[in-house]
2 protein chains.
Amino acid sequence: MNNADSPNEPRPARKVTAAMVATHAGVSTATVSLVANGKSAGRVSKRNEERVREAIRELGYYVDSIGSSLARGVSSLVILVAPDISNPFFAKLIAGVRGVLGEDYQLLLSVTDAGLSPSATEIRRLLGLRPAGLLVHAPTPLFLSELSSPLPLIALDAPDAPENIPSVNFDVLQGAHDVAAHLAAQGHRKVGYLDATTGTATLRMRREAFLSAAAQLGMQVPAVAVSSSTIEMGDAAATFATHWDVWKESGITALACATDTHAYGVLQAASTTGVRVPQDLAVTGFDDLPFSTASHPSLTSVRLDAHSVGVQAAQALRQLIDGTPLKESKLQLSSQLMVRASSGGTQ
Amino acid sequence: MNNADSPNEPRPARKVTAAMVATHAGVSTATVSLVANGKSAGRVSKRNEERVREAIRELGYYVDSIGSSLARGVSSLVILVAPDISNPFFAKLIAGVRGVLGEDYQLLLSVTDAGLSPSATEIRRLLGLRPAGLLVHAPTPLFLSELSSPLPLIALDAPDAPENIPSVNFDVLQGAHDVAAHLAAQGHRKVGYLDATTGTATLRMRREAFLSAAAQLGMQVPAVAVSSSTIEMGDAAATFATHWDVWKESGITALACATDTHAYGVLQAASTTGVRVPQDLAVTGFDDLPFSTASHPSLTSVRLDAHSVGVQAAQALRQLIDGTPLKESKLQLSSQLMVRASSGGTQ
DNA sequence: CTGTTAGCGCATTCAG
DNA sequence: CTGAATGCGCTAACAG
């Protein structure tokens, strides 16, 4: 009953299947599959290979990944799960990942609701796609347990990930310590900390590391001078505005912020309330976003190499997918303190 | 030979199929499919439905979207193709899209290389996923022609999209006009323009609209004072630094920038070269990124409502997917000039 | 209402 | 080297 197998002219409107290519080239679908997947070496004759290639070109055939995935039991998708894409950090990370994955895997992003881990249903839908691997930014323990299946997975920026979950992290301890040491070196003796309200592990570590380093370096951190706000700049600004009187009274001369965005809010609020930075208050950030060189004053911050994270994570994931055991389950990338004007460093 | 069909205890390690659920519940796979897809109303008895639901729960079954997509000929994926995710704009847009798509479709992002349209191979891989629909940011004509297949598609921020491609755009004409009018009202008579080197239609329209509005309002735009740089802040800063002498000589007193990022670069370079903004040079941006309230001085810019774009685009796409013809093929969202200190407006 | 059946497009044995 | 046959997991007719 199949009256459509007369391959006279390539009909671009109709979906081209491997079977069509096969008849067009006068071979079987098996041969087409071999050629289309570059597995023809030593398994298909030169002549047939050439024929198939030509048919593919003429018909405009491309492998249907749905069919392919079903047959193989797994897709060639790598899914990056991240909450807050709008961070310039991610653009660089993605570039790094893409470079490593190349043509072999297809990278797609799954964005979760602001700052939240994906819901159970979302996770199932993700798994339903049968991805070759997952890259997950700052996964919650809940997310990881919900996942359950033995899927190649690398956690990013997840210093709290359990032992059995490979992860690529920044050395935030070092970064936070560097900030504290820098402030101490500038002569500060009482400092404050503006934390983020979202409780990801990396942010918790930043705070804890800073506080412990500060103590170690002989700096006081008055309890009233440790506060927090959401990652919205406006919120950070408001927090500064409402707390400044108390902070000032507590005698702090420097404020370390959990992220650059927080610091921007502080700089803005300081400017409008007439607080001079760094004379009245030194301010530091964390992340070293591009804007930090353009803010007024320019912001002292901790630079994290997003591109490297992407590269390392993608390489590790590929190993996992290939079944090669990872030599290092936990990778740690160094961070670098960028001293700028907001802390009274070099302009 | 199948000795694995003894469903005594739920084995979480093994992939759960609809067939397993069926045997477990004592029904057929068809019934399972109906229930799992919420199409059981009036087609499955209460008793069987309950049984199936219980089996699904016990076994932890979820629909395999690969198999489902293959059977239906289309997946429930909506793919957003965008080049530059790191723009805070996208986070809001995505939130809007997600809200409209709800549980019915799964949104994934495909990030293309910085500022570039996806390659032909990438497009094929995208199509290979058989997405239910595509949302494409600033597609090039090449992209659209390469696509060819009659897939539900909405272009975003694509004022140049051909008639037959539905799109959701901002009224950049109005925005650019507002900028020009504002500068004219501030008394500027000679102004410059810093364009982006990436040639997307929206950027081209911003420039053209600004230049024509400026002319109409009696402002001169010396040819030497129209320049361009990449969207990297540092590049914009460098462009300012090398051009300022010439610009100054040309007599311009204001510089309109194609994007806020460009403007940040200009503000930074102006600050380091001792050019006072807005006294020596008024500066305006376009996009109104969050940082524009925190820059020094705060940046006059054109606000675009990203969330609305997301909502409108997703709604239109759903209509397309459902086969409902669109009433309006081209949607245009208004933009709003935010006057701030960089143009000598209110602080 | 419910079960049976026939593909969806492809990769992979397994005989030739 | 090559092709026919099988099944991946599911949905949509189609019979009961």
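The sequence lines fix the lettering, A, B, ..., with proteins before strands; numbering per chain opens at 1. Note that this is a predicted model, so its numbers are computed, not measured.
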TODO: Could you state the atom-to-atom distance from CD of B:Glu49 to P of C:dT2 in whole Å?
DONE: 10 Å
Open item on the list: At less than 4.0 Å, is any side-chain N or O atom of A:Ser45 found next to OP1 or OP2 of D:dT2? Yes or no.
Closed with: yes
Open item on the list: Measure CG/A:Leu129 against P/D:dG9 and give the value in whole Å, please.
Closed with: 15 Å
Task: Below 4.0 Å: OP1/OP2 of C:dT2 and any side-chain N or O of B:Ser28 - done: no
Open item on the list: I'd like to know whether A:Leu93 forms a side chain to side chain contact (heavy atoms under 4.5 Å, CB included) with A:Leu156, so could you lay out the CA-CA distance, the side-chain angles of the two residues, the decisive distance to 0.1 Å, and finally the verdict.
Closed with: CA-CA 10 Å; A:Leu93 186 146; A:Leu156 310 174; 4.0 Å; yes
Task: Short side-chain N/O contact from B:Tyr62 to OP1 or OP2 of D:dC10, under 4.0 Å - done: no
Task: Sole candidate of A:Val32, A:Val52, A:Val35, A:Thr31 that passes side chain to side chain contact (heavy atoms under 4.5 Å, CB included) when paired with A:Ser40 - done: A:Val35
Task: A:Arg125 CZ - D:dC10 C1' separation (whole Å) - done: 16 Å
Open item on the list: Can you measure B:Ile66 atom CD1 to D:dT11 atom P for me and round it to whole angstrom units?
Closed with: 13 Å
Task: First of B:Asn48 and A:Val32 reached from the 5' end of DNA chain C, by closest nucleotide - done: B:Asn48
Open item on the list: Whether B:Ser69 contacts C:dC8 is assessed here as follows: a side-chain N or O lying under 4.0 Å from the phosphate OP1 or OP2. Is that the case?
Closed with: no
Open item on the list: If I take atom CZ in residue A:Arg124 and atom P in nucleotide D:dG9, what distance separates them, rounded to the nearest angstrom?
Closed with: 17 Å
- [ ] May I have the distance from A:Ile56 (atom CD1) to C:dC10 (atom P), rounded to whole angstrom?
- [x] 10 Å
Open item on the list: Heavy atoms only, 4.0 Å cut-off, all strands: where does A:Arg47 land among base, sugar-phosphate and nothing?
Closed with: nothing
- [ ] Check the pair A:Leu107, A:Ile94 against side chain to side chain contact (heavy atoms under 4.5 Å, CB included), reporting the backbone distance first and the verdict last.
- [x] CA-CA 9 Å; A:Leu107 178 68; A:Ile94 289 166; 3.9 Å; yes
TODO: State yes or no: are the ring centers of A:His137 and A:Phe90 separated by less than 6.0 Å?
DONE: yes
Task: Interatomic distance where NZ belongs to A:Lys46 and C1' belongs to D:dC1 [whole Å] - done: 13 Å
Task: Between C:dC8 (P) and A:Lys15 (NZ): distance, integer Å - done: 13 Å
Task: Heavy-atom side-chain proximity of B:Leu80 to B:Val97 below 4.5 angstrom - done: no
- [ ] Indicate the atoms forming the closest heavy-atom contact of A:Arg318 with A:Val100, along with that distance.
- [x] NH1-O, 3.0 Å
Are there any protein N/O atoms within less than 3.5 Å of an N/O atom in nucleotides 12-16 of chain C, and if so, which ones and at what distance?
residue	atom	partner	partner atom	Å
C:dT12	OP2	A:Lys39	NZ	3.4

Task: Donor-acceptor contact present, side-chain A:Ser76 to main-chain A:Gln106, <3.5 Å - done: no
Task: Nearest-neighbour nucleotide for the A:Leu70 side chain, D:dG3, D:dC10, D:dG9 considered - done: D:dG9
Open item on the list: Let me check the geometry of the helix from C:dC1-D:dG16 to C:dG16-D:dC1. What is the bend angle between the axes at its two ends, five pairs each, to 10°?
Closed with: 40°
TODO: Using distance alone, with no hydrogens and no angle criterion, decide if B:Asn169 and B:Ser167 have a side-chain donor and acceptor under 3.5 Å apart.
DONE: yes
Task: Exercise: identify the closest heavy-atom pair between A:Pro131 and A:Val74 - done: O-CG2, 3.8 Å
Task: A:Leu70: partners by side-chain contact (heavy atoms from CB on, under 4.5 Å), with sequence neighbours left out - done: B:Ile66, B:Leu70
